[in-house]
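Notes for the one structure printed next.
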2 protein chains.
Amino acid sequence: MFRTNLDNIVFFVKYIEKLRNSGLRPTKQRLRICQVLFNTQKTFHFTINDLVKKIKKQINNNISLATVYNTVRAFEKKGYLKQISINSSETYFDTNISNHHHFYDLKEEKLIDLKNSDVGPINIKKKINGKKIKSVEVLVKLED
Amino acid sequence: MFRTNLDNIVFFVKYIEKLRNSGLRPTKQRLRICQVLFNTQKTFHFTINDLVKKIKKQINNNISLATVYNTVRAFEKKGYLKQISINSSETYFDTNISNHHHFYDLKEEKLIDLKNSDVGPINIKKKINGKKIKSVEVLVKLED
DNA sequence: TGTCTAGTTTATAATGATTCTAAAAAGGTG
DNA sequence: CACCTTTTTAGAATCATTATAAACTAGACA
C-alpha cells in the first residue's frame, strides 16, 4: 500500500495516531495527503490546485477533488494547516502553523515567509469588549 | 439628472475633475458610484454586492453589475479605493485609503477599523532585492 | 451643431473555485 | 462477519468574477 522503509512506517504510525486523536479516521486518502503535506522538514504555501498537482506527481494515485477540499478544510479546522488571508482567486494554505507573517509579491503572485525575527514586535493597543485576539497577521505587499 | 442643491453641485464638479485628471471619463454611472462611495464623511468597508444594494437604495436607477465591477476595479487601480486582504468568498473594499489596519471578528464576520494610533509602529527588517514595500497590512483576528 | 473615435456600458455568456448531493466504499466496534 | 457511521467520489450546482461583443456616449474637432 505504501512504500515500506522504516521512516515511512514511523511517519504513518504517527499520523494514524494524530488523526485518530483529533477524531478523524485515518483513511488512505488522508494519510496520503499527510504524506504530501507533512513528510518533509520544509513548510510551504499552497492552493488546492497546487496540492492536487503535488499528489498526482508524488503519489501514483488519484484522490478526488472533493476529498482534497474536504481534507484540507478538516486539517485546517484541527489546526494542522493555516489559511492565509490574502486576496487571490484561490485560497492559500500554509503548512507552517506557527505565528508568522508574509510578503506577497504582487507581480509574481507569490507568498514569501517572514520569520518572526524579521518583523519587530506588534503592539495592538485597542481592545474590543468580550473579544480576544486570536491571531495577528502582517501582510507586506511588494512591488517592483 | 441629479439633485440640484449646492453641495451636490460642488461634489459633482469636484469628482468630474478628479475622474478626468486620472484619465477616467466622468460618466453618469461613475459619478453616481462616487456619490454613493464618497459623498459622506464616514469611510466604510463593502463588497460589490453591498455596493449594488446601496446604489439601488440611494439612487433610483440601475447600473449594470459589470459596470459596478469595472468601476470599482478602476477606482482601486487609481487609488480611490483599497482592496482588503481577507479570506472571504467576496472581495472587500475600503473607502478609507489611508494606511490603517483591521480587526476581523471571526464570529460576526465583520471588519472593524483600527486607527493607526491603535497599532504601534511596524518594523519590517527583511528586504527583498529589487522589490519595494507597497503596503503593510495588519489583520487582527478576534474570537469570543 | 454634427461627425468621428476611443472609451464606456450593458446584458449575457463563460469561467473557475468551491460546495453540494447522494450513492458507493471503507473504518471501526462488537 | 455484521452493523453503523464516516468518508469518498463523480458529477451537478452555486456563486463571485471576468469576458464578449454590440450599443451607446463623452469629448474633440470641423
Side-chain angles (χ1 to χ4, degrees), chain A residues 1-2 12-13 15-36 45-53 55-56 59 61-78 80-81 83-93 109, chain B residues 1-2 12-13 15-36 45-53 55-56 59 61-78 80-81 83-93 109:
Chain A
M1 176 164 156
F2 298 112
F12 283 115
V13 167
Y15 273 86
I16 286 168
E17 271 315 287
K18 214 173 165 180
L19 290 173
R20 273 218 191 88
N21 290 338
S22 52
L24 297 171
R25 286 187 182 169
T27 63
K28 271 186 291 194
Q29 290 85 345
R30 283 176 180 161
L31 286 169
R32 289 203 188 99
I33 292 175
C34 283
Q35 201 183 3
V36 173
H45 312 122
F46 65 95
T47 64
I48 296 291
N49 205 21
D50 295 336
L51 182 54
V52 167
K53 275 191 214 149
I55 291 167
K56 282 224 179 80
I59 299 166
N61 213 304
N62 264 16
I63 297 178
S64 108
L65 185 60
T67 300
V68 178
Y69 270 100
N70 289 340
T71 302
V72 167
R73 286 285 171 212
F75 285 6
E76 194 224 341
K77 199 172 272 177
K78 297 299 179 186
Y80 302 156
L81 291 172
Q83 192 177 317
I84 301 172
S85 292
I86 194 177
N87 267 104
S88 161
S89 54
E90 288 174 89
T91 303
Y92 275 82
F93 295 90
E109 294 189 11
Chain B
M1 177 164 156
F2 299 111
F12 284 115
V13 168
Y15 274 87
I16 286 168
E17 272 315 288
K18 213 172 166 180
L19 290 174
R20 273 217 192 90
N21 289 339
S22 51
L24 297 172
R25 285 191 183 165
T27 63
K28 271 186 291 194
Q29 290 86 342
R30 285 177 179 160
L31 286 169
R32 288 204 188 99
I33 292 174
C34 284
Q35 200 184 3
V36 173
H45 311 123
F46 66 95
T47 64
I48 296 291
N49 204 22
D50 295 336
L51 182 53
V52 167
K53 274 190 214 149
I55 290 167
K56 282 224 179 79
I59 299 166
N61 213 302
N62 265 16
I63 297 179
S64 110
L65 186 58
T67 300
V68 179
Y69 271 100
N70 289 340
T71 303
V72 167
R73 286 289 170 210
F75 285 5
E76 193 223 342
K77 197 171 274 176
K78 297 298 179 187
Y80 302 155
L81 292 172
Q83 191 177 320
I84 300 171
S85 292
I86 196 177
N87 267 105
S88 161
S89 54
E90 289 175 87
T91 303
Y92 274 83
F93 295 90
E109 295 189 10

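Order of the sequence lines fixes the chain letters, A, B, ..., with proteins taken first and strands second; residue numbering starts at 1 for each chain.
In terms of polar N and O atoms assigned as donor or acceptor, the side chain of B:R30 never comes within less than 3.5 Å of the base of C:dT8 in a complementary pairing.
Under 4.0 angstrom from either OP1 or OP2 of D:dC15 there lies no side-chain N or O belonging to B:S89. Residue B:T91 has no polar side-chain atom (N or O) positioned under 4.0 Å from OP1 or OP2 of D:dA16. In this model, the phosphate group of D:dA16 is not approached by any side-chain N or O of B:T47 to a distance below 4.0 Å at OP1 or OP2. For A:Q29 and D:dT9, the shortest distance from a side-chain N or O to OP1 or OP2 is below 4.0 Å. At the phosphate of D:dT18, OP1 or OP2 sits under 4.0 Å from a side-chain N or O atom of B:R73. For D:dT17, one of the phosphate oxygens OP1 or OP2 lies less than 4.0 angstrom from a side-chain nitrogen or oxygen of B:Y69.
Going from atom CZ of A:R25 over to atom P of C:dA26 covers 13 Å, rounded to whole Å. Between B:I63 atom CD1 and C:dT8 atom P the separation is 15 Å, expressed in whole Å. Whole-Å rounding puts the A:N62 CG to D:dG11 C1' distance at 15 Å. Computed from coordinates, the A:E17 CD to C:dG28 P distance equals 11 Å when rounded to whole Å. Rounding to whole angstrom units, CG of residue B:D50 and P of D:dA16 are separated by 11 Å. Summarising the geometry, the separation between CG on B:N70 and C1' on D:dT18 is reported as 9 Å, rounded to the nearest angstrom. Between the P atom of C:dT19 and the CD atom of A:E90 lies a distance of 13 Å, rounded to the nearest Å. Regarding A:N87, its CG atom lies at a distance of 16 Å from the C1' atom of D:dT18, rounded to whole Å.
Among all heavy-atom pairs drawn from A:R32 and A:I63, the shortest one is CB-CD1, 4.1 Å. A:R30 and A:F75 get closest at one heavy-atom pair: O-CZ, 4.1 Å. Contact detail for A:L19 and A:C34: the closest heavy-atom pair is CD1-SG, 4.4 Å.
Ranking D:dG27, D:dT7, C:dG28 by closeness to the A:P26 side chain, first place goes to C:dG28. Closest to the side chain of B:T67, out of C:dT10, D:dT17, D:dT9, is C:dT10.
Mapped onto DNA chain D by nearest heavy atom, B:I16 and B:L65 fall at different nucleotides, with B:L65 at the one closer to the 5' end. In this structure, B:R20 and B:N49 both approach DNA chain D, and ranking their closest nucleotides by distance from the 5' end singles out B:N49.
Of the possible donor and acceptor atoms, none in the side chain of A:R20 sits under 3.5 Å from a partner among the backbone N and O of A:P26.
A donor-acceptor contact closer than 3.5 angstrom links the side chains of A:T47 and A:D50.
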